[in-house]
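These notes concern the structure reproduced below.
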Amino acid sequence: MSGTYILQSNRASFNQNSVDPTCPLCNEAPETLSHFVLNCSLTSEIRKPIIADIRFEIERLMPNTWDSFNTDEKVYTIIDCSGLRHRGK
Ligand SMILES: [Zn+2]
């Protein structure tokens with residue numbers, strides 16, 4: 001999330017197919033930012049309570065917001081929630 005880890009999908013795009021973009025943790029999908037933050041099955045047990053806490057706090061402050069987010073909005077809110085200030089009522 002700090003940008004110091006290079007996702008396999010980014011590494012592959014810079015190396016013109018000589019690098020496999022598949023997630024090295026689960027081997028189930030390309031390791032994109034959304035996969036890494038929201039969907040990787042290998043980290044799901046660690047991620048679920050953290051995402052639940054984030055969702056709870058957002059819904060407490062701004063009801064019905066989290067469920068209205070698309071995948072990118074969820075990823076970017078998890079990475080940097082300062083964007084929520086502009087959505088406040
Ligand atoms: Zn994965």
Side-chain angles (χ1 to χ4, degrees):
M1 291 184 181
S2 67
T4 56
Y5 177 73
I6 300 172
L7 297 162
Q8 284 301 105
S9 59
N10 290 345
R11 193 183 307 270
S13 68
F14 286 113
N15 288 282
Q16 302 188 347
N17 300 329
S18 61
V19 174
D20 183 352
T22 303
C23 175
L25 298 175
C26 68
N27 290 308
E28 294 172 353
E31 190 191 35
T32 60
L33 184 59
S34 62
H35 174 81
F36 189 76
V37 173
L38 292 174
N39 303 123
C40 184
S41 63
L42 200 78
T43 57
S44 67
E45 293 304 313
I46 297 167
R47 179 180 59 246
K48 280 180 185 174
I50 297 168
I51 300 291
D53 286 349
I54 292 169
R55 180 176 188 258
F56 177 83
E57 290 301 326
I58 290 172
E59 289 298 311
R60 186 174 63 83
L61 297 168
M62 295 178 283
N64 304 315
T65 298
W66 182 260
D67 289 336
S68 73
F69 281 171
N70 63 31
T71 298
D72 286 342
E73 289 170 321
K74 289 178 181 174
V75 168
Y76 290 112
T77 297
I78 291 167
I79 293 171
D80 179 8
C81 64
S82 66
L84 290 173
R85 282 181 297 177
H86 305 294
R87 295 182 65 104
K89 295 177 182 170

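What you are looking at is a predicted structure, and each value in this text was computed from that prediction instead of being measured. In each ligand, atom 1 is the first atom listed, and ligand 1 is the first ligand listed. Residue numbers run from 1 in the order of the sequence given.
In plain terms, the two heavy atoms of I6 and R11 that are nearest each other are O-NH2, 3.4 Å. Taking all atoms of both residues into account, the shortest heavy-atom contact from R55 to D67 is NH2-OD2, 2.7 Å.
Hydrophobic clustering of Ile, Leu, Val, Met, Phe, Trp and Tyr side chains at less than 4.5 Å, counting indirect connections, unites F69 with M62. In the hydrophobic clustering of ILVMFWY residues, with side-chain heavy atoms under 4.5 Å counting as a link, I51 and F56 come out apart.
For the pair I79/L33, a side-chain contact is recorded, criterion being any heavy-atom separation below 4.5 Å from C-beta on.
Within the protein, the number of N/O/S atoms found under 2.8 Å from the Zn ion (ligand 1) is 4.
Within a 6.0 Å radius of CG in L42, other residues, nucleotides and ligands contribute more than 12 heavy atoms.
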